[in-house]
Amino acid sequence: MKEKHTAIVLAAGSGKRMHSQVQKQYMDLFGKPVLYYALRQFEECEFIDEVILVTKKDEIAYCREKIVEVYHLQKVKDIIEGGEERYLSVYNALKAAGACDYIYIHDGARPFVDQEMLQRLKEAVCTYGACVAAVPSKDTLKLADEALFAKETLKRSEVWNIQTPQVFAYPDILGAYEKMMQEDHTKMGITDDAMVLEKMEGQKVKLVEGSYYNIKITTPEDLDIAEIFVKKCNLQEN
Ligand SMILES: Nc1ccn([C@@H]2O[C@H](COP(=O)(O)OP(=O)(O)OP(=O)(O)O)[C@@H](O)[C@H]2O)c(=O)n1
Ligand SMILES: C[C@](O)(CO)[C@H](O)COP(=O)(O)O
């Protein structure tokens with residue numbers, strides 16, 4: 001039987017670090033909202049069957065009317081309410097997704113996921129059961145103490161910047177999230193989904209080549225960079 005691949009696209013954040021009136025996922029990028037770009041990639045991916053879009057409760061109608069309907073995004077099966085934290089938004093979406101084989105969790109604030117990356121992730125998840133997009137760190141990374149003195153320099157050849165999509169066998173990631181929700185999750189400092197599987201199940205997660213274009217729009221200068229990338233990647237016409 002054909003395997004089912006479902007994507008979760010997250011857009012329920014508050015964008016505090018952007019310091020803007022308009023939520024960053026709805027900001028204009030060449031006439032289209034930032035969020036549209038990632039949704040378009042999942043729409044065009046031939047092996048993605050469905051998309052669950054996660055947003056704030058009072059933005060559901062906007063997403064449906066101004067993004068999903070306007071751009072004819074037929075794979076968006078459901079638009080659901082997120083939670084207070086990113087991982088709580090993911091948990092809501094995992095429950096809403098229903099039975100599938102593989103789940104692709106992606107930040108709506110990362111417009112430059114591309115088809116080749118999705119293909120690499122698909123191949124890896126079918127082999128390893130869990131994988132994330134990643135690129136080697138270009139900077140030297142140090143741990144610092146509370147007074148901001150460097151206390152340790154990480155070995156750069158072993159340091160990777162982790163991106164999304166993060167892709168998992170559905171029962172594994174749902175099980176790991178459910179286990180975490182039974183525990184004191186508020187103190188765990190969960191910043192990505194792979195971490196939930198690592199912590200709860202001790203499962204190994206494979207790093208797959210992401211892209212230096214695959215930035216997360218987080219602070220104001222990222223929007224300037226995103227404009228350059230849209231042109232560079234010829235995405236204006238999509
Ligand atoms: N409760 C949350 C928090 C974040 N996100 C989503 O997760 C992605 C990555 O989060 P981040 O860049 O941190 O977005 P924000 O939380 O919006 O930003 P900030 O931390 O600056 O407030 C974004 O697409 C964001 O919309 C979400 O769905 N639900
Ligand atoms: C999941 C993530 O995009 C991987 O880099 C990142 O950890 C999300 O962090 P945020 O603070 O929620 O943006």
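Because the structure is a prediction, the values reported are computed rather than measured. Counting starts at 1 for both ligands and their atoms, in listed order.
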Visitor: For ligand 1, which atoms have a heavy atom of E85 less than 4.0 angstrom away?
Guide: 1 (N), 2 (C)

Visitor: Should T164 be counted as touching ligand 2, given the test is an N or O pair under 3.5 Å?
Guide: no

Visitor: Measuring from atom 29 (N) of ligand 1, which candidate in S89, A93, A109 has the nearest non-hydrogen atom?
Guide: S89

Visitor: Counting heavy atoms only, which of R17, H19, M18 comes nearest to atom 21 (O) of ligand 1?
Guide: R17

Visitor: Taking atom NZ of K75 and atom NE2 of H5, what is their separation to the nearest 0.5 Å?
Guide: 11.0 Å

Visitor: Does a side chain donor of either Q166 or D192 reach within less than 3.5 Å of an acceptor in the other side chain?
Guide: yes

Visitor: Which atoms of ligand 1 have any heavy atom of E84 under 4.0 Å away?
Guide: 1 (N)

Visitor: Closer than 4.0 angstrom: is that true for some heavy atom of M195 and an atom of ligand 2?
Guide: no

Visitor: What atoms of ligand 1 come within less than 4.0 Å of a heavy atom belonging to K216?
Guide: 9 (C), 12 (O)

Visitor: Decide whether the shortest distance between a heavy atom of G82 and an atom of ligand 1 is less than 4.0 Å.
Guide: no

Visitor: Would you say K24 touches ligand 1, if touching means a heavy atom closer than 4.0 Å?
Guide: yes

Visitor: Could you identify the single nearest non-hydrogen protein atom to atom 5 (O) of ligand 2 and state the distance to 0.1 Å?
Guide: I162 O, 2.5 Å

Visitor: Is there a side-chain contact between L207 and I162, using heavy atoms and a 4.5 Å cut-off?
Guide: yes

Visitor: So which heavy atom in the protein is nearest atom 6 (C) of ligand 2, and how far is it from that ligand atom?
Guide: T191 O, 3.6 Å

Visitor: Between R86, E85, K16, which one has a non-hydrogen atom sitting closest to atom 12 (O) of ligand 2?
Guide: R86

Visitor: Starting from atom 13 (O) of ligand 2, find the nearest protein heavy-atom neighbour and note its residue, name and distance.
Guide: K216 NZ, 2.5 Å

Visitor: Which residue from G83, S14, G108, G13 reaches closest to atom 25 (C) of ligand 1 through any of its heavy atoms?
Guide: G13

Visitor: Given the ring of Y212, does K138 sit roughly above its face, with NZ or CZ under 6.0 Å from the centre of the six-membered ring and within 45° of the axis?
Guide: yes

Visitor: If you measure every N/O of R17 against every N/O of ligand 2, is any gap under 3.5 Å?
Guide: yes

Visitor: Counting only nitrogen or oxygen atoms and a 3.5 angstrom limit, does Q166 reach ligand 2?
Guide: no

Visitor: Do me a favour and list the nearest non-hydrogen protein atom to atom 3 (O) of ligand 2 with residue, atom name and distance?
Guide: D107 OD2, 2.6 Å

Visitor: Is any side-chain heavy atom of Y104 closer than 4.5 Å to a side-chain heavy atom of F47?
Guide: yes

